[in-house]
Amino acid sequence: MQDMAIELSGLSFAWPKQSPILQIDHFALPRGERLFLQGPSGCGKSTLLNLVGGVLTPLQGEIRLLGQPLAANSARQRDRMRADHVGFIFQSFNLLPYLSLEENVMLPCRFSRLRAERARAQYGSERDAARILLAALELDEPALQGRSVCDLSVGQQQRVAAARALIGSPEIIIADEPTSALDSDARQIFIDLLIRECDATGSTLLFVSHDRSLQQAFDRSLLLTEVNRARGGESC
Amino acid sequence: MLISLAWHSLWNRRSSVLLTVLAISISVMLLLGVEKVRVEARSSFANTISGTDLVVGARSGQVQLLLYSVFRIGDATNNISWQSYQEIAGHRNVAWTIPLALGDSHRGFRVLGTNQDYFRHYRYGAERQLSFAEGQPFDDLYDVVLGAEVAQKLGYKLGQQLVIAHGMGNTSFAEHKDKPFRVVGILARTGTPVDSTLHVSLEAIEAIHLDWRAGVPIPGAKVDAEKARALDLQPKQITAFMVGLKSKIATFHLQRAINNYRAEPLSAILPGVALQQLWQMIGIAEQALLVISGFVVLTGLIGMLTVLLSSLNERRREMAILRSVGARPWQIIALLTLETTVLTLLGCLVGTLLLYAALLLAQPWIEQLFGLHIAISALSSYQLQLLGLVAVAGILVGVVPGYRAYRNSLADGLTIRL
């Protein structure tokens, strides 16, 4: 069990007074794997992410992150698990407009001591870690220094978000439709860079998208509807 | 960490933040300003008369006696005889007296009959003596000395002639037209009722009433202004008088003696005590003012709440991002509460600075216009308490958007449904 990054068993979730939106008998993501999870929008994807992130708790069943049961923990411990071990990339508007590029990237270190320590151990300081990650994601042009994050292109913003998810080497990276706002060239560049950096940090990647054409770059791909027995999910 | 986030977030919204801080600081300035003016008005009120140990008049309540003798408001119940006045003035503990004869007016301003002792012994504020802006005390029978306000409002200059009306009222039909007065002196501004008074000698009051009885001219008994000079102008009655004692220890003794005076019913009052009593009566107005400015502060805080709550919807994504990187729900509350705290404290600080700037600018103007001298001093402990109260209220207000954001972020989780 130790080598599973995410493991769900007997999971079911429903919003109050609604039929279940998620029912998953078993789902396991081994450590270090890059999984492409495909599903049309509105079938419980974001609910699943909130469950794995520990923001929602399932009605039944068990979620294990890195071998530890999540649901049994208190809200505080779940917040801690998320801060320490999971990096998120969302569809768009990932960044805080009032922080600089580097500060946006360093944000997880403010909430997780573990990731701050790892960043320091690896690169000397959190700021150096942010700088090196930004450089690795090809965001080290001097022109970008001191610019507001709002001035960046969407593709650049998504790469900053990726750097933020990767800082402090969390074991799990969850990317929720991170490329849907990008054009096809930027899309491919983003995915290549993300996978390369996940390899470098050894992070497990759960990449969620409705766009089947992206799946070649991943170790494995899975249809959410294959594992989700719930018929509902008209709206997620 | 949260502090720097809150600061950056506020800086990012600086234009609306600036307006919010401005609204709070103006309300804080108003609150502190009203309190300041209240305290100064009170002390200026208490400074109307000083150095006088007793005010003596016909028997009446002490507030009424104070009102007509010092503030020149209302009328005396009765006069007191010259004889009683002389007797008390000759008492061994009495250092000086100032006789006051009231009852006439000039275009709405009171005319006071008195003597040279008025200019010598009358004190106001911190034992300040009356001083002349122009001219000198009255000397001739038909000389008049104007208070600063009278001279300014009516535009009178030295040497100008004026006529005194019988009784009060702006357009009195009964005027002492036959005996015009000449302006010989104008007093410097004091910020007291002295400014709105015309001063003549007791003899002049006597002279203009020679041919009058019971408020009307005696038919056919015209006494020429020049002929009046030859007559006996010793007053028979005065309205009241002020007493200065050689030793304060004798105050209560003499007061009791006057109150038990056998020849006629008199009242002697301690001006300080009567002022205190009077202030308590009009103190309700000052309280009302303070309450109103309290509501202004409340308005400022509600304005802040409005701005923060309305920006909350736009900031749901910000909260979701913070949650995704591991922020705990209480940290979301803390972040927003911290913002209102920063806003409130900034508002308090700027408001205080604005108050002092305004005081510096308005001080000479207020003194000129209302005769109210506002001392610029450090915040009083009561003002500090008010500031503290505003700060606490502001921080409590911050809990509301904090709680809303907390609820939002629980509902939104890591995704935003907008």
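Chain A is the first sequence line, chain B the second, and so forth, proteins listed ahead of strands; every chain is numbered from 1. In this text the structure is predicted, and so the values were computed from the model without any measurement.
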Under 3.5 Å, side-chain donor or acceptor atoms of residues 287-301 of chain B against the rest of the protein: list the pairs with distances, not counting sequence neighbours.
unit_1: B:Ser293; atom_1: OG; unit_2: B:Leu289; atom_2: O; d: 3.2
unit_1: B:Ser293; atom_1: OG; unit_2: B:Leu290; atom_2: O; d: 2.9
unit_1: B:Thr299; atom_1: OG1; unit_2: B:Phe295; atom_2: O; d: 2.7

>> Can you list the residues of residues 322-335 of chain B that sit under 4.5 Å from chain A, counting heavy atoms only?
In response: B:Leu322, B:Arg323, B:Ser324, B:Val325, B:Gly326, B:Ala327, B:Arg328, B:Pro329, B:Gln331
>> Please determine whether the number of non-hydrogen atoms from other residues, nucleotides or ligands lying under 6.0 Å from atom CD1 of B:Ile3 exceeds 12.
In response: no
> Is the number of heavy atoms from other residues, nucleotides or ligands under 6.0 Å of A:Arg80 CZ greater than 12?
Replying inline: no
>> Does atom CD1 (B:Ile376) have a neighbourhood of more than 12 heavy atoms from anything else shown, all under 6.0 Å?
In response: yes
>> What part of A:Glu103 gets within 4.5 angstrom of chain B, counting heavy atoms only: side chain, backbone, both, or neither?
In response: side chain
> Should we say atom CZ of B:Arg14 is surrounded by more than 12 heavy atoms from elsewhere, each under 6.0 Å from it?
Replying inline: yes
> Taking only heavy atoms into account, what residues of residues 379-407 of chain B are found under 4.5 Å from chain A?
Replying inline: none
> Roughly how far apart are B:Arg317 CZ and A:Leu96 CG, rounded to 0.5 Å?
Replying inline: 11.5 Å
> What is the distance from atom CD1 of B:Ile321 to atom CG of A:Leu107, rounded to the nearest 0.5 Å?
Replying inline: 8.5 Å
> Side chain, backbone, both or neither: which part of A:Arg78 has a non-hydrogen atom closer than 4.5 Å to chain B?
Replying inline: neither
> Checking A:Leu95 against chain B: side chain, backbone, both or neither under 4.5 Å from a heavy atom?
Replying inline: backbone
> Is there a side-chain contact between A:Arg110 and B:Ser4 (heavy atoms, below 4.5 Å)?
Replying inline: yes
> What do you reckon, is CH2 of B:Trp279 surrounded by more than 12 foreign heavy atoms closer than 6.0 Å?
Replying inline: yes
> So which residues of residues 52-62 of chain A are in contact with chain B at a heavy-atom cut-off of under 4.5 Å?
Replying inline: A:Gly53, A:Val55
> Please walk me through it: do B:Leu5 and A:Tyr98 pass side-chain contact (heavy atoms from CB on, under 4.5 Å)?
Replying inline: CA-CA 9 Å; B:Leu5 272 183; A:Tyr98 50 82; 4.1 Å; yes
